[in-house]
Amino acid sequence: MNEQNVQQNAEKRKRVFSAIKPSGNPTLGNYLGAMKYWGDMGKAADALFAVADLHAITVAIEPKDLRENCKRLFALLIAVGIDTERDILFLQSHVPAHAELSWLLNNYTMFGEASRMTQFKDKSKKAPDNINVGLFDYPVLMAADILLYQADIVPVGEDQLQHVELCRTIANRFNNRYSPTFTVPVGKVPTYGARIYSLSDPTAKMGKSEGEGDGTVFLLDTPDVIMRKFKRAVTDCDTCVKASEDKPGITNLLTIYAAVNDITVEQAEKEFEHSSYAEFKTRVGEATVEALRPIREKYEKLRSDDNALCELMKSGASKAAYLARKTLEKVYKKIGFVRI
Ligand code: TRP
């Protein structure tokens, strides 16, 4: 490759930003649906990942839970494959630029636009006694997260696409009012992740909060707990291990087996052609235990040394803060703030 090609390639390298809220104990569903693939994102693009702790306080949360959720998620993200040398992984609250830009962007976001957000309406209904301004402002903070890093692509779940749309609206409004400042990002729902349902009610999504009972496998469950949950998984009323719409239980288990082994559902069906349901459930449990074992081991190592974990947080935050400051300075100047 000559120098010009190298240059062009460098220019084409996209920047990807995503964040995840430390709001619960991550499940097998979160892992197979998204987290499993986050380690790969940094291979083809510059990847930044934030633990969105500022977003976590829009709903009531105990201080000790917030603290634990943040450390757990940070360590887990490394354990599932985010490379802290190659990628930038940090806690949102460690980079003050997020809160700063969020205030500035509030003034370029219309009340009506924020009022239309489905998530705001849903969450307001769920907790009518805590409809706080943070909940309302949530998507503006999210826009700040994304715009600070000039991200091209924002991988998100379906439910967050509307927020990315609002982010684009805000970015365009600011760029038009002043001059091009922000990269206008594209929200992308990944097509690769598997959709995993509860083991006890395979018509409902596998939940993320604690105390979901035996239907939810947590990423950090011990092998015996995982085996117990799989053995109790509900199945369907014939005896053949084949995926179909009228057999949500078996289909879900086949989906899990295929995802943890990186094979297709058809290949999984073939393996269990002659198996009983009981044998099948045990095998899915065992495969899950084996897939999660290295993650748990890496996680436990990271959690055994709080100082080392803190150093990783500091290093991620300082890399992120450097990039964020550059954007934020531009924004302050364009609006007309006196900089000293
Ligand atoms: N709101 C997102 C969620 O609940 C998390 C998030 C916060 C996010 N900031 C972000 C996602 C920026 C993408 C980009 O899933």
Side-chain angles (χ1 to χ4, degrees), residues 14-27 29-31 33-35 37-38 41-42 45-59 61 66 69-70 73-74 76-77 82 87-103 105-106 109 114 117-124 126-127 132 134-171 182-190 193 195 205-209 316-317 320 323-324 327:
K14 297 269 191 222
R15 192 172 278 173
V16 177
F17 178 93
S18 200
I20 174 163
K21 241 184 323 177
S23 59
N25 193 1
T27 67
N30 299 135
Y31 174 65
M35 291 165 79
Y37 306 93
W38 278 23
M41 253 179 238
D46 292 328
L48 291 112
F49 302 101
V51 171
D53 53 354
L54 296 173
H55 278 108
I57 63 165
T58 56
V59 296
I61 183 164
L66 179 59
N69 288 357
C70 285
L73 184 56
F74 187 88
L76 255 181
L77 289 171
I82 289 181
D87 309 328
I88 302 180
L89 172 67
F90 64 102
L91 261 59
Q92 186 188 29
S93 69
H94 291 168
V95 180
H98 291 251
E100 287 178 69
L101 183 62
S102 159
W103 168 254
L105 295 181
N106 275 331
T109 309
M117 295 295 113
T118 316
Q119 191 176 73
F120 171 68
K121 290 191 263 185
D122 287 350
K123 287 194 176 174
S124 302
K126 269 193 209 146
N132 60 71
L135 197 61
F136 185 68
D137 207 23
Y138 181 113
V140 183
L141 176 59
M142 187 165 153
D145 295 343
I146 298 165
L147 299 179
L148 275 176
Y149 301 102
Q150 309 288 354
D152 302 288
I153 299 163
V154 183
V156 282
E158 189 83 46
D159 63 323
Q160 296 298 310
L161 274 180
Q162 197 187 26
H163 292 162
V164 181
E165 271 315 303
L166 179 61
C167 172
R168 290 166 57 85
T169 304
I170 300 170
F182 298 121
T183 301
V184 182
V186 182
K188 276 219 169 94
V189 179
R195 213 176 252 270
K205 235 175 103 175
M206 190 178 273
K208 177 155 124 170
S209 45
L323 296 172
T327 302

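Start at 1 and go down the list; that is how both ligands and their atoms are numbered.
- If you check which protein heavy atom lies closest to atom 3 (C) of ligand 1, you get Gln160 CD, 3.5 Å.
- Contact annotation for His55 and ligand 1: only side-chain heavy atoms (C-beta onward) come within less than 4.0 Å of the ligand.
- Note: no N/O pair closer than 3.5 Å links His163 and ligand 1 by distance alone.
- Aromatic pair His94/Phe74: centroids not less than 6.0 angstrom apart.
- Distance from atom 9 (N) of ligand 1 to its nearest protein heavy atom, with residue and atom name: Asp145 OD2, 2.7 Å.
- By the 6.0 Å contact criterion, NZ on Lys123 is enclosed, its count of non-hydrogen atoms from other residues, nucleotides or ligands being greater than 12.
- Of all heavy-atom pairs between Asn132 and Thr58, the closest is ND2-O, 2.9 Å.
- Note: Trp38 and Phe49 have parallel aromatic rings, judged against thresholds of 30 and 60 degrees for the angle between ring planes.
- Proximity to Lys21 (heavy-atom distance under 4.0 Å) selects the following atoms of ligand 1: 4 (O).
- At a heavy-atom cutoff of 4.0 Å, ligand 1 is contacted by the side chain of Ile146 but not by its backbone.
- Atoms of ligand 1 found under 4.0 Å from any heavy atom of Ala52, numbered from 1 in the order shown, are 7 (C).
- Separation of the His98 and Tyr149 ring centroids falls under the 6.0 Å cut-off.
- More than 12 non-hydrogen atoms from other residues, nucleotides or ligands lie less than 6.0 angstrom from CG of Leu66.
- With sequence neighbours left out, the salt bridge (Lys or Arg N to Asp or Glu O under 4.0 Å) criterion links Arg15 to no other residue.
- Contact annotation: for Ala19 versus ligand 1, heavy atoms closer than 4.0 Å belong to both the backbone and the side chain.
- Annotation: Ser18 places no N or O atom under 3.5 Å from an N or O atom of ligand 1; distance criterion only.
- The ligand atoms of ligand 1 that sit less than 4.0 angstrom from a heavy atom of Tyr138 are 1 (N), 2 (C), 3 (C), 4 (O).
- Residue contacts with ligand 1 for Val154 involve side-chain atoms from C-beta outward but no N, CA, C or O (heavy atoms, distance under 4.0 Å).
- Applying the 4.0 Å criterion to heavy atoms of Val156 picks out, from ligand 1, the atoms 11 (C), 13 (C).
- Not a single salt bridge (Lys or Arg N to Asp or Glu O under 4.0 Å) links Asp137 to another residue, sequence neighbours left out.
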